[in-house]
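Each remark here refers to the structure printed beneath this line.
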Amino acid sequence: MIDDLDLGFDEQDRGEKGRHRRGYVRKRNGGSGGGRGKTVLALLLAFVLLGGIGGGAFYGFDRVQSYFVTPDYDGTGTEEVQVEIKAGALLADMAVTLYDSGVVKSTKAFIEAADENSRSKNIQPGTYKLRKQMSAANAITAMLDPKNKIVNGVTIPEGRTAKNIYKVLSEKTKIPVKDFEAAAKDPLELGVPDWWFKREDGKTVKPSIEGFLYPDTYEIPPKATAETVLKQMVENFLTVTSELQFADKVQKDLGGVSPYEALIVASLAQAEAGTKKDLGKVARVAYNRVYKGNFDCGCLEMDVTVNYYLELTGQKTKTSAQMTQSDLDNPKNPYNRKLQGLVPTPINNPGKDALAGAMAPPKGNWLFFVAVDREGNSAFADTYEQHQRNEAKAREAGII
């Protein structure tokens with residue numbers, strides 16, 4: 001009776017494909033030798049059954065065989081091919097990428113080979129030099145060999161402006177700066193959702209890529225374009241802010257502040273804070289100045305916004321001591337430090353700590369801060385009188 005025969009697969013095998021698509025890898029019992037034995041036995045039984053049914057059934061033998069034998073190539077492959085493994089890819093995703101590139105004969109072969117090689121979990125995102133028609137085991141081995149990984153990394157530090165980032169990327173990729181500028185003109189095309197460009201303070205938003213180019217180390221794939229590189233950075237920003245639950249927490253805990261406004265504040269904190277621990281406090285100062293109504297002008301009054309405008313317009317940035325009155329209060333500057341409320345856009349691209357600080361700043365009534373030592377620590381004050389005492393300490397330390 002066919003119903004009584006064990007042909008070598010069970011419910012675990014039937015559900016295998018679905019689980020691998022979610023990144024799970026089925027563990028074998030008893031090593032690979034036992035598995036091959038069951039496969040051979042199952043094939044023989046199927047062969048006998050088909051023979052008993054009739055000679056015509058042999059035409060379906062290859063079809064039956066495919067249920068038991070995993071399609072795989074032999075050897076180290078043919079011509080070279082470059083394959084990009086994207087950040088966050090699971091083994092199942094890698095399998096699909098390698099199959100689509102003609103490297104492995106089946107996704108199942110790659111997943112089984114990964115299952116048998118405990119080091120497969122060490123495969124990193126990046127671009128690899130592989131060969132078409134490789135055995136899955138050889139593909140795994142090749143991806144674990146650093147010699148086969150094309151390293152073209154570029155690090156974008158926290159707090160860089162988009163204009164500065166284009167220069168860094170251009171130097172590394174040889175893609176002209178003007179290409180990055182052109183690609184950045186439409187942030188929505190680069191993947192920034194339109195809901196990000198909403199404000200609760202009534203100010204009109206002109207979408208800008210500033211703030212959405214997440215600082216990190218990136219592997220630049222061969223033949224990358226300005227658009228693909230910037231999209232990679234935007235995708236990273238969306239991943240990080242999603243993990244932080246940035247938008248949800250801002251809207252829940254900072255009533256009347258939109259995620260975009262909080263992103264602006266994160267950029268201000270990134271520019272002004274001298275230490276990681278002060279990021280949240282500087283963010284709180286910004287919120288207190290423009291939202292609380294207890295700061296005379298209701299403005300930011302931060303010199304970093306002036307410097308952003310200078311860089312944006314191709315001028316040299318200055319220290320606070322170097323800034324003239326016309327620099328500080330230029331009426332043509334939309335980032336004027338005396339402008340009521342927040343500035344039009346972020347002034348740089350903040351990192352994770354600055355985002356977290358703006359999303360959940362510590363409670364406090366601070367309106368002023370000043371750096372008081374060479375390690376970058378700041379002293380915070382509720383009143384101008386307190387702030388003047390802190391400034392005196394900073395002068396004694398030779399900071400200002």
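The first residue of the sequence shown is numbered 1, and numbering continues consecutively from there.
For the pair Leu98 and Leu130, the minimum side-chain heavy-atom distance is below 4.5 Å. Side-chain contact between Arg289 and Phe368 is present, with heavy atoms from C-beta onward closer than 4.5 Å. Using a 4.5 Å heavy-atom threshold, the side chains of Lys292 and Leu367 count as separate. With a 4.5 Å cut-off on side-chain heavy atoms, Leu342 and Tyr291 count as touching. By the 4.5 Å heavy-atom criterion applied to side chains, Glu219 and Thr127 are not counted as neighbours.
Using a cut-off of 4.0 Å between Lys/Arg side-chain N and Asp/Glu carboxylate O, Lys147 and Asp145 are scored as not salt-bridged. Contact check on Lys338 versus Glu301 returns a salt bridge, with a Lys/Arg side-chain nitrogen under 4.0 Å from an Asp/Glu carboxylate oxygen.
More than 12 heavy atoms of other residues, nucleotides or ligands lie within 6.0 Å of CD in Gln388, so this atom counts as buried by the packing criterion.
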Practice item. Quick one: do Asp327 and Thr324 satisfy side-chain hydrogen bond (donor to acceptor under 3.5 Å, both in side chains)? Show the steps, please. Key: CA-CA 5 Å; Asp327 290 327; Thr324 65; 3.1 Å; yes
Review point. Can Asp201 and Arg199 be said to form a salt bridge (charged side-chain N to carboxylate O under 4.0 Å, His left out), step by step?
Key: CA-CA 6 Å; Asp201 60 6; Arg199 295 181 69 140; 2.7 Å; yes
Review point. What do the steps show when you test Leu339 against Leu300 for side-chain contact (heavy atoms from CB on, under 4.5 Å), and what is the final call?
Key: CA-CA 7 Å; Leu339 179 78; Leu300 286 168; over 6 Å; no
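Taking the six-membered ring where tryptophan is involved, the planes of Phe212 and Tyr260 are essentially parallel, since the angle between them stays under 30° and well short of 60°. Using the six-membered ring where Trp is involved, Tyr335 and Tyr308 have ring planes that are perpendicular, over 60° apart on the 30 and 60° scheme. Using cut-offs of 30° and 60° for the angle between ring planes, the Phe246 and Trp196 rings count as parallel.
A donor atom on one side chain and an acceptor atom on the other are not found under 3.5 Å apart for Thr225 and Glu227. Side-chain atoms of Asn349 and Glu210 include a donor-acceptor pair closer than 3.5 Å.
No path of Ile, Leu, Val, Met, Phe, Trp and Tyr side chains, each step under 4.5 Å between heavy atoms, connects Ile220 with Val83, placing them in separate hydrophobic clusters.
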